[in-house]
**Q** 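Sending over a structure as structure tokens; questions will come in a sec.
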Amino acid sequence: MSGWKPVGPASGWTSMEERVLARWREGDVFRRSVEMRRGADPYVFYEGPPTANGRPGSHHVLSRVFKDIFPRFHTMRGRYVERKAGWDCHGLPVELEVEKQLGISGKPEIEAFGIAEFNARCRESVGEYLDEWERLTERIGFWVDTSEAYRTMDTDYVESVWWSLATLFDAGRVYESDKVVPYCPRCGTALSSHEVAQGYKDVTDPSIYVKFPTGDGLSLLVWTTTPWTLPANQAAAINPSVDYAVVVAGDERLVMAEALVPAVMGDDAVIERVMPASELAGMEYAPPFDLIPGRHVVVMSDFVTTEDGTGIVHIAPAFGEDDMGAAREHGLDAPNPVDRQGLFSATVPLAEGQFVKDADRLLIDDLTTRGRVLREKPYEHSYPHCWRCSTPLLYYAKPSWYIRTTEVRDRMLELNASVGWHPEHVRDGRFGRWLEGNIDWAISRERYWGTPLPFWRCGDCNEVTAIGSFAQLRERATVEVPDDLDPHRPWVDDIPVRCPCGGTAHRVPEVADVWFDSGAMPFAQHHHPFGGPDDLSGRFPADFVCEALDQTRGWFYSLLAEGTLLFDEAPYRNVVCLGLILDADGQKMSKSKGNVVEPWTVIDHAGADAFRWYLFTAQSPWESFRFSLDVVDETRRRFLFTLWNTYAFLVTYASLPDGWSPGDASPPVDERPAMDRWALSRLDATVEHVTARLVDYDPTAAGRALEDLVDDLSNWYVRTSRRRFWRSDDRADTAAAFATLHECLTTIALLVAPFCPFVADEMWDNLVAVHDSSAAPSVHLADWPAPGGRRDEDLEQAMAAAMEATTLGRSARKEAKLKVRQPLAEAVIACPPATARALEGLSGIVAEELNVRAVRFVTDAGGLVEVSLKPNYRTLGPRMGKEMPAMAQTVAALDATAAVTALDAGQSVTVSVNGVEQVLHDEDLLREVRPTEGYAVAEGGALAVGLATDITPELEMEGLARDLVRAIQTARRAADLKVEDRIVLHLDGSARIREAIDAHREWIAGEVLATDLTVGHGVPFTPLHREDGELDAEPVAISLSLA
RNA sequence: GGGCGAUUAGCUCAGGUGGUUAGAGCGCAUCCCUGAUAAGGAUGAGGUCCCAGGUUCGAGUCCUGGAUCGCCCA
């Protein structure tokens, strides 16, 4: 009654995953894994909401599996881990998609179409790919509760956002101001700095050196890359601490910063005179276009640099932040000849109705005609574009709503300091620097599909009232508010409220920045504060969030800003940053390049576990991934198939009729062979290490430790222990082997569970659950393992030496062209005495691996071994300092044999270095040993292995017998026998082969499970299978039948 | 122009606190094993550790400068 399920080949991986998935579904395993820990210490995870109006890509798989591994790990460690999914629903991307569907473009067309219908379409659009998202989420094993997902467009969510905005407004932290903002004329909206950050592109703009004449043939020379701003010019700014030069240029004289003369006018420019900035200040000039009245005067401003240009900056207050600042300082106007669509108004007849960027040419030509342009040159620079529609942004003065984040900047920095960033350098580097340069957060968008700003402005007194809940809205509304209020536009726009002054207030037209929505998720996902006084208890702050590195200025920021403003607390304790997914050549994946690797391709071909393992272990998660199907495939072969084969090996032999079951008695660990104790020691070490690394948010190192363990288990433990699993002459030993391997694989299933939840659960099911109804029915309902206290570092070191000796022995065999099947008389291992003592207990393993009759250790310095010495820099370096090279020479000149003899006798060696006596101990000298002549030798540092190369007739016979066994095993397989089938066997062959059979008859019969073995010409039975072949160029015939 | 990060074998990546001969996988070459077999394994070739200075007895590792690439910001 073994209960084992047969294990298929690793090639059936994806169907295995789907079976496991079905088990989870049927058993409601995810929900149970959460519920099981209810009441325990919560571990708080926040899902950064993706927008589901596009298909999920491989980069989404990256973030989703990282979001999965830590909650799974901490669940197994006993924490209660709620995992609420979330969807970002609002915003420009959604509007753009709908505009495309409707075949319309721009705000006037949207308004003509109707906001109500437009927003209804947006609401539909955000769910368009929800099914595919949920299907992928499930298939990659990302356990998150999609049935209870929060959606930023939900009424409750919007109400929480209103609460937060009203709270900030009432605290005086919201203001409206005319500011120059990055503005997309196509979308008709201002962009936040983190949106601007996403749209930089390298473009070539026309740049010109323009002359601003001041009379008498003298002109200020000004450089600009935005000629279209010149009609709005109001002033020219100079740096107060810079000297300016007058340069002769033909019959003209040009003013510019002295330091920039060579760069602008060449090295042989003639400087007429140099003056301090103060001499220029207040000077008036003729504006480039005499269309708009203004003072057109030289002002002094610190922001002017001499890094490029001419050191004189043209000031158009409506089109630059610095310009606006200078205008305020010097009392200048801020005329704006450009409308909201980015088109010139009638103020500039020359370019009326033209898009500003397109008007550059026209304006430059006009200036050139009038002799105002010194030079024109194309200028390549990085310029911000709209992150969705790619229109070049304009810096443009307009009223906007702001949150005074600058007031809490220092507090944000303080709170940030306590966050565990991964990688650490983001805290003070990328993110910290960004926070230091914090500017007030522009939160308003003049759009449609978003959380409406809950601000109402009175038509009488102009005061603004913030509404923080729907109840408050109902209370103050002058009209009936429906029970099923949709708090979106246009419905809320039609609800006026009473102003305290007695007048009627109407909602301001703007909606909120979508980043404010997502930053509100810690409280809005739970409808705080409307869910009662404890609605955030155990839910704030998060222990862990995780997104791609580009979110530093996005979600990571909006979370921190809102956490600080509203709760005076960092909203997360740990942040894991993720890198970009690139193609195999390191290029960004993009549809236009056609180099996108679809997640489904990877999953269908390699499976989710392989996909996950690759992402977790390929490299530090915050580096870019050079991603392709091939690298996932390689990962899968290397780790998952090795693990699977080891697992399949155990199950195959355990399920044989006289196999093994987990309940069977097995010897206590300290009575098991060294190999078993070694495996368990390695297991305990790995449990400890993997746990520590995962606690520290480092799945890469954790995964690599698991790879090492699985490799050790497969390529050393199983390799050297194979026969123990099917030799039944020592039941206790077989049971020890099974129990050891079973425990290793069971524990590995637990350790692998957060990484590769499918294979882990499949293994757990077959190794544990099917045998023991009291055990956890799924690995994901089990507890994380603890080390079993069986660590034996001496044994681990000794085993490492045994592996090394085996490697060297194989190298020596290769050197001597002696195949492994040919037994040899002896291997001589030359090593220091301590190593020899450690290795002695393992010499049987080494002997078997090297196929030698005996292993002999040679440690003395005489006869068989040559010793040479090297200084141990690690111990001697600090002691000797500058004398170290002299010491190295002294050691090299030492009589190594005598020194080693003394050291082995427990004595020290005294040498003289530059006249000073130095006492050397065993640890100060490193030995290199090698056997002397007569052996095939390979050496590696402190170990050398020699093989006796003489093959006696007896060894030759044994080698032949082994060849014969191999041939018979091949014949067995050719006859399609099961591994446990008994056979009757008849052999025939040359005299030499018959001699080998005679010498090893019993052994051969035992190896191939022959109950009867005959030799000679006539076959005494009707063979099921017959094979004629050659062995060592001599004929051999094998006939066999079932016994 | 500034900030952050990266640069180690043909490719993908490891290399606490400086210390003997810089490692692994893939690929390649040559082989082995055949009771894990639609598998497995070994040995080997392959490296100016981006460059140049500096600190040090000793630098892939620390410092300075530079180059190239990436991300972010002006």
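For the numbers below, each heavy atom of this structure counts, side chains included, while hydrogens, waters and symmetry mates do not. Letters A, B, ... mirror the listed sequences (proteins, then strands); counts begin at 1.
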**Q** Give the nucleotide from the list B:rU20, B:rG5, B:rC71 with an atom nearest to the side chain of A:Leu580.
**A**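 My answer, after comparing the listed nucleotides, is B:rC71.
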**Q** Below 3.5 Å, does any donor atom in the side chain of A:Arg626 face an acceptor in the base of B:rC11, or the other way round?
**A**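 No, no donor-acceptor pair under 3.5 Å.
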**Q** Counting heavy atoms from C-beta on, name the nucleotide in B:rG3, B:rA14, B:rU20 closest to the side chain of A:Leu926.
**A**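 From the listed options, B:rU20 comes nearest.
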**Q** How close or far is atom C1' of B:rA74 from atom NE2 of A:His385, stated in whole angstroms?
**A**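 Rounding to the nearest Å, NE2 of A:His385 and C1' of B:rA74 are 16 Å apart.
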**Q** So, does A:Arg433 get its side chain near the phosphate of B:rC4, meaning an N or O under 4.0 Å from OP1 or OP2?
**A**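 True: A:Arg433 side-chain N/O within range (under 4.0 Å) of B:rC4 OP1/OP2.
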**Q** Hey, does the side chain of A:Asn715 come within less than 4.0 Å of B:rG41's phosphate (OP1/OP2), counting only N and O?
**A**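 True: A:Asn715 side-chain N/O within range (under 4.0 Å) of B:rG41 OP1/OP2.
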**Q** Ring-plane angle category for A:Tyr557 and A:Trp434, please: parallel below 30°, perpendicular beyond 60°, tilted otherwise.
**A**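 Answer is perpendicular, since the angle exceeds 60°.
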**Q** Return the nucleotide paired to B:rC26: Watson-Crick means purine N1 to pyrimidine N3 with N6-O4 or O6-N4, wobble means G-U with N1-O2 and O6-N3, both under 3.5 Å.
**A**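 Partner of B:rC26: B:rG10.
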**Q** Hey, what's the ring geometry for A:Phe725 with A:Phe649, parallel, tilted or perpendicular (30° and 60° as the breaks)?
**A**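 Ring orientation, 0 to 90° scale: perpendicular.
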**Q** Looking at B:rU48, which nucleotide sits across from it as a Watson-Crick or G-U wobble partner, both distances under 3.5 angstrom, or is there none?
**A**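 Paired with no nucleotide.
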**Q** Go through it in stages, so that I can follow the logic: the residues are A:Thr652 and A:Val979, the test is side chain to side chain contact (heavy atoms under 4.5 Å, CB included), and I'd like the CA-CA distance, side-chain angles, deciding distance and then a yes or no.
**A** CA-CA 10 Å; A:Thr652 304; A:Val979 292; 5.6 Å; no
**Q** Are the side chains of A:Val602 and A:Leu629 in contact, using a 4.5 Å heavy-atom criterion?
**A**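 When only atoms from C-beta onward are counted, A:Val602 and A:Leu629 do touch, with a gap below 4.5 Å.
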**Q** Should A:Tyr873 be counted as stacked on B:rG58, where stacking needs a ring-centre gap under 5.5 Å and an angle between planes under 30 degrees?
**A**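 Here the ring of A:Tyr873 and the base of B:rG58 are not stacked, as the 5.5 Å and 30° limits are not both satisfied.
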**Q** Should B:rU56 form a Watson-Crick or G-U wobble pair with both distances under 3.5 Å, which nucleotide is its partner?
**A**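 Base partner found: none.
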**Q** Mind checking who B:rG1 pairs with, Watson-Crick or G-U wobble, both distances under 3.5 Å?
**A**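 Per the H-bond distance test, B:rC73.
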**Q** From A:Asp698 CG over to A:His422 NE2, what is the distance, rounded to the nearest 0.5 angstrom?
**A**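 Rounded to the nearest 0.5 Å, the CG-NE2 separation comes to 9.0 Å.
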**Q** Output one letter per nucleotide in nucleotides 26-34 of chain B: B when a protein non-hydrogen atom lies under 4.0 Å from the base, S when only the sugar-phosphate is that close, - when neither is.
**A** S---B-SSB
**Q** Counting heavy atoms from C-beta on, name the nucleotide in B:rA36, B:rG19, B:rC13 closest to the side chain of A:Met884.
**A**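 Of all the options, the side chain of A:Met884 is nearest to B:rG19.
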**Q** In the structure shown, which nucleotide is the Watson-Crick or G-U wobble counterpart of B:rU37, with both distances under 3.5 Å?
**A**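 For B:rU37, the partner nucleotide comes out as none, under the 3.5 Å rule.
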**Q** Counting side-chain heavy atoms from CB outward, which of B:rG41, B:rG19, B:rG35 is closest to A:Arg874?
**A**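 Nearest to the side chain of A:Arg874 among the choices is B:rG19.
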